[in-house]
Structure formats: structure tokens, C-alpha cells
Novice: 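One structure, pasted below without further comment.
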There are 2 protein chains.
Amino acid sequence: MPSFTEENYLKAIYHLSGSGSQAVLTNEIAEVMHTKAASVTDMIKKLSAKNFISYEKYYGVKITKQGKSEALMVIRKHRLWETFLVEKLRFNWDEVHEIAEQLEHIQSAVLIQKLDEFLGFPTTDPHGEPIPDKHGKIAVPLRQPLHGLAAGYTGTIEAVHDSDSNLLKYLNRIGAVPGKTIKLIGKEEYDESLEVEVDGKRLTISKTVAENILVTA
Amino acid sequence: MPSFTEENYLKAIYHLSGSGSQAVLTNEIAEVMHTKAASVTDMIKKLSAKNFISYEKYYGVKITKQGKSEALMVIRKHRLWETFLVEKLRFNWDEVHEIAEQLEHIQSAVLIQKLDEFLGFPTTDPHGEPIPDKHGKIAVPLRQPLHGLAAGYTGTIEAVHDSDSNLLKYLNRIGAVPGKTIKLIGKEEYDESLEVEVDGKRLTISKTVAENILVTA
DNA sequence: GTAAAAATTTAGACTGGTCTAAAAAATAAT
DNA sequence: ATTATTTTTTAGACCAGTCTAAATTTTTAC
Ligand SMILES: [Mn+2]
Ligand SMILES: [Mn+2]
Ligand SMILES: [Mn+2]
Ligand SMILES: [Mn+2]
């Protein structure tokens, strides 16, 4: 079994690799883990020794089948707990990520199965992210950041990035939540801000915000 | 904030001290923590430096007001999570202790308040143990192990010790659960087994079992 | 009251995870 | 092609928590 810390590394590597396809570099891991490259190299060796990743010196790491499976189980737990916190305990969607970071490491296969059942086998978490099933199968939806699309685009908000509480509070305030239709009216060249229409309301959002809104392709 | 490990030590010391009244010896702690006396001495120094306990060399430790408060919060979380697992996730009462040992260390005051509310502010856990309130106030009930009482005793089962899953399965099978009336018919001198009547049924229980059943005084 | 036994503490070492500073390899610039 | 820069790895250290073995203190036995 991977340790608490190893689970966090595997999750980060999985996400950085685009669900396991590309190789991930040491510095990329260091950045998202808020740690130093030297620490990452140490951990990489441990994960490699346990066959969770394959490692070629100076050329980054690739997650293995086994590592991917572990990562997906942690992601499943994280998203189920977030759903529980919002649906059952009535948390706001901006308050749950940090708590789920802890809950995702509780070890008990039965627990997570019963939790899944209790929640009615949800398919997405409060931020629109898909929840892997008990076999680690996950629906990989086609979607892209709103920033980068051309003016005239119309689509549906599929998910939003969940790690910044202030962003989520803001998105909730302007009604930019998963399921809503969003139109891209125009782009401002100077600061790359976007003129959009969400839920019938016209407003301007910054580049940073637009990068965190994921819409249908 | 105390660490994961420090919380487990504080909880053990609190229980061993009889809710904080008596001093606790190094070897007692080592035994319940499944560790060695040398490790306990090391930890004692850390807990003492943080003012969770007061420590006199060679004469054991006493838990402080602050240490007691921390211990009670961990106990509160443990018992609320056990209640959640049984009441909401439909676990059997013998399956929840180990999982609650992990869940009790999740850090979030809001979480535990919302959980308490979700459960309808329960006052006892699935094994009959009282749940401290958010201020750490706990009802200290008068009760004693069934073993040691005199033949002829009649009373109510208040609680049972919860750390052994096989014991709990057995108690459930014979109907010796909190709330039930229990009569002590007689004692066998040889092995200190007891002849009892639980829920109208006559049966013999061993000394070990009787030590784990807590009844009204 | 001294000796033996038991309990406790110290000394030194190990693992997991982290860090800084220095060395080595890879990439970019000229 | 050599130099300069960036990335990555290694070397050595630290902290939390644990261990074994040895030293110290307390308690028990006679
Ligand atoms: Mn999250
Ligand atoms: Mn985490
Ligand atoms: Mn318990
Ligand atoms: Mn615990």
C-alpha cells in the first residue's frame, strides 16, 4: 500500500500526465506539490522501486498501470467525499476541497463502497469532475478551458477547477456553475479578458477565471 | 495542533487516567499503544513540552486541562464517526472502530459540527459510550463491569468495549447490547464464568466477556 | 539495610519525508 | 564547438517517530 505522501504524489503525477499518457518532469511535480526538486527525486525513486512509476534519469517519469490504478482510487475517494460534504452535510462547494484532501487517504474499501451507495452512485463531483467507479473506470469527457476559444462560441460549463476557494465563491456569485450555458461574445486584446453571457447575464471575466472554466468542445 | 500520533497518545493517556484524574505510568501507555517504553518516554517529553501533560521523571504523567480538551475532541470525533458509519452507512457495530481510528484525525472544526447536526446531535455512540459536546463536556455515567458484581444483581447494559470485533459479533448474537436488561443469576468459582439472563434468555458467559459489559451501578 | 528485580530513562541507530548546497547532465546561446 | 544556463541528481543534514541495548532509578525481597 502506498503511504499518505506517496498517494499525494501519485495523484499529482496522474493529473500532470494527462490521465497517464505523457511523461512528467521533476520540476513540474515539485511545483504542484509545493516542494523542492531534490525531494521529488527522492520520492520518485521510492515510487519507482514500488513499480508505481517508471523512471528514466533526467527524462521524467511515466505512471504505470498499477500507479494509475492507485491514483484513480484516491481520486475516486476525493470526489465521493466532496459529494458527501456538499450533498449531505450542506457545505458550500468552495469549502470541501481541503477537507477531501484529508479524507481521500482513509483506508477502507468497504467504506468507500458504502459511501458511494449512500450517495446514490453519483457520476460527477460538485465541481463537475467525473467520479471513477470501483474498478477505476473513469469517463474522460471532451472539454477545454473557456480561455482560448473563439468569439461566437456557445456551449455548456462541464466543470471548474476546484482548488481555489475564492475562485469558486466568485464563480458561484456570477452563476458560472456546471450545467449552465455560456456564450463567448468577444475578447479584449489588451488583457485577454472575455465578454461572456452566463445564464442570460452579460459580464466580463478575466483571463485567469476563463482558464479555470471547462466547457464542452 | 497535536500531530496524528500525539492525538493517539493523548487519547490513550486520557482513558488510562480515568478521565484525567490519576497519573499514568510509562509501561501502561506502552502496552495500550503497542509500542516500547523507550518510545513512550520520547513522546512524553514532546507532549510535556507542548503542555498537554505534566511529567515527573520516573513517576508517570498527568494530563493537563489543555491535553484533556484535545483528547476529548478526538474522542468526540471518533464516536460521531462511529455513529455515522452505523446509522447512515449501515455498517455493523463490530466493523466501525478501526475506520473511526482513522477518521478521528481529520482536522476541521466545521466538519465535525456539521456531522453532529447531520446525525441529530446523538448523545451516545453505537457501543453506548457518551459523545462529548462541542465544548468537550461529557456525561460521565456511573457504571461498572458486569464481572465483579454479586449474584442477584439486575440492571441495564449501558455500554460495551468496542475494540474487539469478535467480541462485538458475539455480544450481538446473544443480544447483549446497550439498553437491554441483564440479570446475574450465579457465578462459577472455578473459571469465574457467569450465569446470566439477557433479554429473557438464560446463558453462560466467560469472565473475559463479563469484563467488557458495562452495566448500571 | 543491602541485594535482586522491575520500571524507566538514555544512547545510539534506523526509516520516511523534507531541506540546502554542490555536482552532474542536458539544453540553449554564441 | 565551446560556453552559459537550466534542469536534475547527489551529498549531507534535519525532524518525527520508532527500535534495541545499556545505564539509571525505584521498588521489592530478604
Ligand atoms: Mn477537490
Ligand atoms: Mn491528499
Ligand atoms: Mn471505537
Ligand atoms: Mn487514532
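A note on names: the letters A, B, ... follow the listed sequences, proteins ahead of strands, and every chain is numbered from 1.
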Novice: Starting at atom OH of Y55(A), determine the distance to atom C1' of dT9(D), rounded to an integer number of angstrom.
Specialist: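 Atom-to-atom, Y55(A) to dT9(D), this comes out as 7 Å.
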Novice: Which residue in the set T26(B), V61(B), L25(B) passes side-chain contact (heavy atoms from CB on, under 4.5 Å) when paired with V40(B)?
Specialist: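 The residue from T26(B), V61(B), L25(B) that satisfies side-chain contact (heavy atoms from CB on, under 4.5 Å) with V40(B) turns out to be T26(B).
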Novice: With a cut-off of less than 4.0 Å, is there a side-chain N or O of K57(A) near OP1 or OP2 of dT10(D)?
Specialist: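 For K57(A), the contact criterion (side-chain N or O under 4.0 Å from OP1 or OP2 of dT10(D)) is met.
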Novice: Could you tell me whether F4(A) and F4(B) have their ring centroids closer than 6.0 angstrom?
Specialist: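 They do not qualify: ring centres at least 6.0 Å apart.
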Novice: Distance check needed: dT6(D) C1' versus E31(A) CD, whole Å only.
Specialist: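 So the two atoms are 15 Å apart, to the nearest Å.
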Novice: Are OP1 or OP2 of dG17(D) and a side-chain N or O of S3(B) less than 4.0 angstrom apart?
Specialist: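 It does, given that an N or O in the side chain of S3(B) lies less than 4.0 Å from OP1 or OP2 of dG17(D).
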Novice: Could you state the CG-P distance from L10(A) to dG17(C), rounded to the nearest angstrom?
Specialist: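 Rounded to the whole Å, the gap is 11 Å.
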Novice: Taking any heavy-atom pair under 4.0 Å as a contact, classify T26(A): base, sugar-phosphate, or nothing.
Specialist: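 If one applies the 4.0 Å heavy-atom cut-off, T26(A) turns out to touch the sugar-phosphate alone, with no base involved.
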Novice: Check the phosphate of dG17(C) against K36(A), side-chain N and O only, distance under 4.0 Å to OP1 or OP2. Yes or no?
Specialist: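 K36(A) to dG17(C) OP1/OP2: no side-chain N or O under 4.0 Å.
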Novice: I44(A) CD1 to dG17(C) P: how many Å, rounded?
Specialist: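 One finds 14 Å between P of dG17(C) and CD1 of I44(A), rounded.
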Novice: Could you write out DNA chain C as dot-bracket? Rules: Watson-Crick or G-U wobble, both distances under 3.5 Å, brackets [ ] for crossings, | for pairs with another strand, dot for unpaired.
Specialist: ||||||||||||||||||||||||||||||
Novice: Could you go through L171(A) and V209(A), starting from their C-alpha distance and side-chain angles, then the distance that decides it, and tell me whether this counts as side-chain contact (heavy atoms from CB on, under 4.5 Å)?
Specialist: CA-CA 8 Å; L171(A) 291 176; V209(A) 167; 4.0 Å; yes
Novice: Y58(A) has an atom OH; how far is it from atom P of dT9(D), in whole Å?
Specialist: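 These atoms are roughly 7 Å apart.
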Novice: Any chance CD of Q113(B) has more than 12 other-residue heavy atoms, nucleotides or ligands included, within less than 6.0 Å?
Specialist: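 Yes - once you tally the heavy atoms of other residues, nucleotides and ligands closer than 6.0 Å, there are more than 12.
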Novice: Whole Å only: how far is the CG atom of L47(A) from the C1' atom of dG16(C)?
Specialist: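 Distance, rounded to whole Å: 12 Å.
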Novice: Expressed as a whole number of angstroms, how long is the span from K50(A):NZ to dT15(C):C1'?
Specialist: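 That distance rounds to 11 Å.
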Novice: In this structure, how many angstroms lie between the C1' atom of dA7(C) and the CD1 atom of I29(B), rounded?
Specialist: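 Atom CD1 in I29(B) sits about 13 Å away from atom C1' in dA7(C).
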Novice: In a check of side-chain contact (heavy atoms from CB on, under 4.5 Å) between I75(B) and each of E70(B), K11(B), E129(B), which one passes?
Specialist: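 Checked E70(B), K11(B), E129(B) against I75(B); only one passes side-chain contact (heavy atoms from CB on, under 4.5 Å): K11(B).
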Novice: Might you point out which heavy atoms bring W93(A) and P178(A) nearest each other, and give the distance in Å?
Specialist: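 Taking every non-hydrogen atom into account, CZ3-CD, 3.6 Å.
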Novice: Which part of the nucleic acid, if any, lies within reach of T5(B) when heavy atoms closer than 4.0 Å are counted: base, sugar-phosphate only, or nothing?
Specialist: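 Sugar-phosphate only.
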Novice: Does S39(B) place a side-chain N or O at less than 4.0 Å from the phosphate oxygens OP1/OP2 of dT18(D)?
Specialist: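 No, because none of the side-chain N or O atoms of S39(B) sits under 4.0 Å from OP1 or OP2 of dT18(D).
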Novice: Output yes when at least one side-chain N/O atom of K46(A) is less than 4.0 Å from OP1 or OP2 of dT15(C), else no.
Specialist: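 No, outside the criterion.
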Novice: Are OP1 or OP2 of dT8(C) and a side-chain N or O of N27(B) less than 4.0 angstrom apart?
Specialist: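 Answer is yes, contact under 4.0 Å.
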Novice: Is there a side-chain contact between T35(A) and the phosphate of dC19(C), meaning an N or O under 4.0 Å from OP1 or OP2?
Specialist: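 So the side chain of T35(A) is within the cut-off, an N or O lying under 4.0 Å from OP1 or OP2 of dC19(C).
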Novice: I need the minimum non-hydrogen distance between Q102(B) and H105(A), along with the two atoms involved.
Specialist: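 So the minimum-distance heavy-atom pair works out to OE1-O, 4.2 Å.
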Novice: Measure from the side-chain heavy atoms of D42(A) and tell me the nearest of dT8(C), dC19(C), dT8(D).
Specialist: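 So the nucleotide nearest the side chain must be dC19(C).
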Novice: For A37(B) and N27(B), which heavy atoms make the closest approach, and how far apart are they?
Specialist: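 Where A37(B) meets N27(B) most closely, the heavy atoms are CB-OD1, 3.6 Å.
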Novice: Would you say a side-chain N or O of Y9(B) is under 4.0 Å from OP1 or OP2 of dT18(D)?
Specialist: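 For Y9(B), the contact criterion (side-chain N or O under 4.0 Å from OP1 or OP2 of dT18(D)) is met.
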Novice: Quick check: on DNA chain C, is the nucleotide nearest T41(B) upstream (toward 5') of the one nearest F4(A), or the reverse? Name the residue that is more 5'.
Specialist: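 Its nearest nucleotide being more 5', the pick is T41(B).
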